[in-house]
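Down below is the structure, laid out as structure tokens.
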Amino acid sequence: MKRLLLPFLFLLSVFQIHAQENLPADYLSKEFHKGRREAFRALMPANSVALVFSYPERVFSKDINYNFHQNPDLYYLTGYKEPDAVLLIFKEAQGSGETYNEVLFVREKNAAREMWTGRRLGVDGTKSQLGIATAYNGNAFKDFDIDFKKFDKIIYDKIPTDIGSDKSESDLSGLLQNFKTKAGITKEDESSLELFRTITSTLREIKTPEELVLMRKTVKLSCMAHNEVMKAVGPDMSENEADGIHAYIHRKYGAEGEGYPPIVGAGANGCILHYGENNSTKIDNQLLLMDVGSEYHGYSADVTRTIPANGKFTAEQKAIYQLVYDAQEAVFAICKEGTPLLELNNKAKEVLANGLLKLGIIKDLKEVSLYYPHSCSHFLGLDVHDKGNFKGPQSLLKENMIITVEPGIYISANSKCDKKWWNIGVRIEDDILIKKDSCENLSVDSPRKWDEIEALARQKSTFNEMKFPKI
Ligand SMILES: [Mn+2]
């Protein structure tokens with residue numbers, strides 16, 4: 001018997017993809033996700049059900065997809081990181097006998113597929129690692145015994161219409177189609193979408209202690225990356241190389257990648273708000289604007305620093321830089337619980353307008369939007385532009401919100417001012433934790449004052465010593 005069993009076991013092991021070892025030890029805990037589902041349920045109306053689908057996979061090149069990025073709402077509620085999934089949360093317990101109040105449908109284990117496209121948690125892993133007691137394979141959703149008509153409210157997010165299908169019941173397209181059929185949805189119900197947005201925004205705009213640990217980490221390591229580039233940068237460096245140093249430092253400290261496409265623009269490129277080509281081969285003696293933040297276990301930093309490539313600000317660059325700095329300081333001073341969100345941008349705009357007038361760059365305060373066309377703040381968290389309730393003037397800052405404060409001035413060539421100001425683009429962006437009577441700058445580890453930046457730029461970076469063969 002033993003002799004027969006051994007080859008059999010060996011065969012089994014060939015087709016088994018083993019669980020991964022040496023994973024980070026600081027992922028959000030299953031207790032965190034359970035707590036978030038309970039908080040979600042508490043905000044649901046009586047006799048309701050909510051559905052949260054995974055994000056679609058997207059094509060990068062023919063038969064190759066982009067690295068999958070989970071829907072932050074589903075990640076927040078479950079920790080599940082794979083595509084083709086749907087979570088159901090019920091307000092009240094369902095079923096008779098063994099009841100349940102949540103169900104997660106996941107990708108089925110498949111050794112052959114896992115050898116090609118990576119490990120799958122499967123039903124058992126979902127139960128043991130994510131602590132979700134009721135989990136099924138996606139193909140069971142079609143016949144899952146649920147009468148959607150008995151609920152007073154079905155809560156769901158916008159249903160994507162531009163996704164591919166593998167013609168199975170269990171991919172995202174199949175799950176969505178079966179949901180629409182089972183629930184008799186022919187057109188999205190606006191009030192359902194609104195309710196979904198309100199609940200997820202209400203939860204996600206306030207960070208829990210576990211989230212704050214990860215937010216502090218992602219922001220701190222992004223600061224380390226900015227500092228290293230400040231030391232390493234020189235006129236001969238390309239934008240893309242500076243971008244690459246950020247990416248390397250992020251990964252060195254354990255981040256999965258970046259929370260958004262990095263903006264690394266020199267001179268004129270720094271005046272383009274969402275510049276993303278990062279392909280200028282030389283920074284030259286220009287200002288380099290870097291809006292780069294890591295993503296660490298799902299949480300995004302959003303930090304911008306603007307530095308002189310040769311290590312010294314010119315008089316004009318310094319004047320603009322100081323003005324943006326002053327605007328940021330003025331906003332920090334009112335960042336605390338109870339301040340209306342709209343006040344932040346009003347304050348930034350007021351300081352910038354007065355400063356530009358004083359420098360003779362504008363003739364009328366209203367012209368400030370020529371050079372400061374965006375707004376000052378947004379929520380920050382799992383999404384770089386995170387969810388949060390914004391309902392006009394009555395929306396106030398609350399304790400444990402995290403927002404950005406990011407005033408900027410962008411004077412592109414041919415602007416109607418003295419040409420000595422042209423191609424100066426400055427943004428300074430910090431990540432701010434709101435407290436009861438004040439705020440805490442989480443990105444304090446990267447210098448913001450012009451003289452501190454110049455001092456750091458005089459230091460040598462490890463990257464300056466690295467020599468690679470010429471090709
Ligand atoms: Mn931002």
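Note that ligands are numbered from 1 as they come in the structure, with each ligand's atoms numbered from 1 the same way.
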### Task
Inspect the contact between Arg305 and Asp291 and indicate whether a charged nitrogen and a carboxylate oxygen are less than 4.0 angstrom apart.
no
### Query
With a 4.0 Å cut-off, would you call Arg197 and Asp157 a salt bridge?
no
### Pairs meeting criterion side chain to side chain donor-acceptor pair (under 3.5 Å) with involvement of residues 394-403, two or more places apart
Glu205-Lys398, Glu399-Lys436
### Message
Any salt bridge linking Glu210 with Arg36? Criterion: basic side-chain nitrogen under 4.0 Å from a carboxylate oxygen.
### Response
no
### Query
Would Tyr156 and Asp189 count as having a side-chain donor-acceptor pair, cut-off 3.5 Å?
no
### Task
Around the Mn ion (ligand 1), list the protein N/O/S atoms within a radius below 2.8 Å, excluding water molecules.
Asp302 OD2, His378 NE2, Glu406 OE2, Glu429 OE2
#### Entry: Ionic contact status for Lys207 with Asp386, cut-off 4.0 Å
yes
